[in-house]
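Counting starts at 1 for both ligands and their atoms, in listed order. If you're wondering where the values come from, they're calculated on a predicted model, not measured in any experiment.
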Amino acid sequence: MIPLTQTWPAELAARYRKKGYWRGETFSVLLRERAARFAGHTAVVAGETRWSYAELLARAEHLAGGFLALGLKPGDRVVVQLPNIAEFLSVVFALFRARLVPVYALPAHRVVEIAHFARTAEARGYVIASSHDGFDYRALAAQVQNEVPALEHVVVVGEGGPFVALDALPAFNGELPEDADPSEVAFLQISGGSTGLSKLIPRTHDDYIYSFRASAEICGMTPETVYMVALPAAHNFPMSSPGFLGTLHAGATVVMSPSPSPEVAFALIEREKVTMVGLVPPLALLWMQAAPGTKHDVSSLQVLQVGGAKFMPEAARRVRPILGCTLQQVFGMAEGLVNYTRLDDPEETIVGTQGRPISPDDEVLILDDEGRPVAEGEAGNLLTRGPYTIRAYHNNDGANARAFTPDGYYRTGDVVKRTAEGYLVVQGRATDHINRAGEKISAEEIEDHLLAHPNVFDAAVVSLPDDFLGERSCAFVIAQGEMPKAAVLKAWMRTRGLADFKVPDQVVFVDAFETTAVGKVSRKELRASLRRRFLEQAEA
Ligand code: AMP
Ligand code: DBH
């Protein structure tokens with residue numbers, strides 16, 4: 001197995017420890033301490049389930065034994081694909097306790113993505129829910145196992161069917177392993193992926209715990225906070241900014257919402273007196289549309305966080321008048337760096353910027369395309385390094401060579417400006433991906449799929465502005481032989497076994513892609529010119 005590593009230069013690691021960012025705490029120690037301090041306090045609410053801190057700890061320790069009794073060994077990687085249910089927490093803390101390494105997948109992922117994660121992480125285990133939103137994950141697991149036989153152990157929350165049910169893990173009569181070294185990789189997070197398939201992001205106990213502990217402080221979390229997970233719990237935003245982990249760190253209560261829709265979420269806000277929630281911009285728009293007419297009392301809400309994609313100032317300005325709570329913009333990435341507007345910032349900062357970094361030791365560079373710093377206030381490429389930003393992806397030399405500078409800065413691919421106060425304003429990005437309502441889609445990955453269709457000669461996938469999604473995906477396709485219908489092509493994409501959000505929203509057939517005098521264009525220029533011409537025509 002390729003070892004999991006994430007290392008910072010020794011002088012910096014020493015500095016991060018000395019400054020108290022890295023405190024040598026692990027996930028298991030964290031839960032144990034919280035359970036000791038907040039034993040009877042509610043840790044998690046999901047549907048009719050309500051577990052105290054003591055109960056969450058007891059469940060996690062019991063399941064940790066079960067996973068080991070099943071045959072998983074400390075160090076094994078386990079793909080976790082669960083909806084927003086209480087077991088999300090008991091399972092991941094069980095994995096931490098057993099020194100197993102979660103690999104976080106979203107419920108929307110299908111065989112293409114899960115097989116890729118399982119292969120790249122060399123996973124031996126896979127935890128799913130039997131079904132969710134009308135989709136049978138056991139059928140998916142069978143497909144994945146077919147492609148990746150090394151994925152030996154499938155564990156199911158609910159009816160196990162051909163697999164083991166979480167409730168029926170074998171009894172364990174050994175001893176749970178010693179606690180992890182806090183500088184070890186604790187789990188693998190998934191990147192949105194700007195080129196090709198998602199990359200795996202190894203995060204250590206030290207760096208990740210710092211990021212959500214500091215986030216919980218910035219967001220003013222106390223044991224009285226009630227934080228709702230409305231986005232998929234596996235996403236880095238509701239997991240750590242400050243997310244459910246920051247919530248547990250604060251000894252507060254996590255409410256799992258099975259759906260981010262206003263109908264479902266508003267009822268839960270009322271029932272549980274939710275004080276804080278994180279949304280992507282399209283959902284924030286939906287909530288603002290639904291709030292004036294709702295029969296539910298959502299006045300407990302104090303902070304609405306919005307992030308994952310750019311929240312336009314016009315919409316941002318309406319949050320307080322309509323929802324009666326403070327907006328917090330969050331600009332983050334699973335690779336590390338997270339920026340927040342602070343709760344007591346002036347309205348113009350909250351509305352007009354995407355916040356400033358968590359840490360005084362987050363180093364931020366804004367460079368032009370030649371790698372020179374831009375003038376103060378000008379737009380440029382954002383590069384960063386710091387106490388919770390990775391130095392390398394797992395098992396991906398090509399991506400590492402592209403994404404990191406020799407002195408360890410991560411090239412975010414985002415184009416930003418910095419205000420005199422050090423706040424970042426996102427302008428767009430340098431890399432070709434579509435940010436569809438916070439879901440990042442790689443143009444290359446989708447082009448690759450389209451090219452597999454017998455009637456597709458060539459394809460270029462671009463983002464188009466969309467009032468609701470922020471960006472939608474559009475595939476420009478040159479057909480060969482019989483011209484397929486757009487709807488047929490989309491339906492065919494669905495059969496490819498990839499997440500539904502990656503199916504192009506729009507398909508436009510063209511006769512040819514223009515070429516320059518030299519007869520060649522880079523894919524990047526091609527996408528840019530197709531996009532430009534399409535938008536010009538749409539305007540005319
Ligand atoms: P991911 O790779 O999936 O972790 O996505 C991180 C990327 O999402 C960032 O590099 C940005 O491109 C985008 N993003 C996240 N939050 C915001 C925000 N508040 N405004 C604009 N873009 C954002
Ligand atoms: O989009 C993201 O990846 C994101 C957004 C807000 C993120 O990872 C985060 C906060 O931590």
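Note on ring orientation: taking the six-membered ring where Trp is involved, the planes of Tyr16 and Tyr21 are tilted (angle from 30° to 60°). Aromatic ring pairs are classed by plane angle as parallel below 30°, tilted from 30° to 60° and perpendicular above 60°; the pair Phe212 and His249 is perpendicular.
When ring centroids are compared, Phe404 and Tyr393 come within the 6.0 Å threshold. Between Tyr104 and His235, the gap from one ring centroid to the other reaches at least 6.0 Å.
Backbone and side-chain nitrogen or oxygen atoms of Ala334 are examined, and one is located within less than 3.5 angstrom of a nitrogen or oxygen of ligand 1. Here's the thing with Ser191: none of its N/O atoms is less than 3.5 angstrom from an N/O atom of ligand 1. Residue contacts with ligand 1: Gly308 is placed with a nitrogen or oxygen under 3.5 Å of a nitrogen or oxygen of the ligand (distance criterion only). For Val330, a nitrogen or oxygen atom sits less than 3.5 Å from a nitrogen or oxygen atom of ligand 1, counting backbone and side chain alike. Residue His433 places no N or O, backbone or side chain, under 3.5 Å from any N or O of ligand 1.
Residue Asn435 approaches ligand 1 through these ligand atoms, each under 4.0 Å from one of its heavy atoms: 13 (C). Residue-ligand proximity, Gly307 to ligand 1, at heavy-atom distances under 4.0 Å covers atoms 19 (N). Listed by number with element, the atoms of ligand 1 under 4.0 angstrom from any heavy atom of Gln354 are 19 (N), 20 (N). Near Lys310, meaning under 4.0 Å from any of its heavy atoms, are these atoms of ligand 1: 20 (N), 21 (C), 22 (N).
Proximity of a side-chain donor or acceptor of Lys440 to a complementary backbone N or O of Gly308 within less than 3.5 Å is detected.
Only one option out of Val78, Val79, Thr120 pairs with Val103 in a side chain to side chain contact (heavy atoms under 4.5 Å, CB included); it is Val79.
Residues Glu184 and Thr5 form no side-chain contact, since every pair of their non-hydrogen atoms from C-beta on lies 4.5 Å or further apart.
Contacts of Met333 with ligand 1, taken as heavy-atom pairs under 4.0 Å, involve both backbone and side chain.
Residue Asp407 places its CG atom among more than 12 non-hydrogen atoms of other residues, nucleotides or ligands, all under 6.0 Å distant. More than 12 heavy atoms of other residues, nucleotides or ligands sit less than 6.0 Å from atom CD of Glu347.
We find that Asp362 and Arg356 are not joined by a salt bridge, their nearest charged nitrogen and carboxylate oxygen being 4.0 Å or further apart.
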Hey, mind stepping through Phe135 and Tyr137 against ring-ring contact (aromatic ring centres under 6.0 Å, His included) and telling me if it holds?
-> CA-CA 6 Å; Phe135 181 79; Tyr137 286 90; 4.8 Å; yes

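Each of His235, Asn236, Phe237, Ser241, Gly308, Val330, Gly332, Met333, Ala334, Val338, Lys440 has a non-hydrogen atom positioned under 4.0 Å from some atom of ligand 2.
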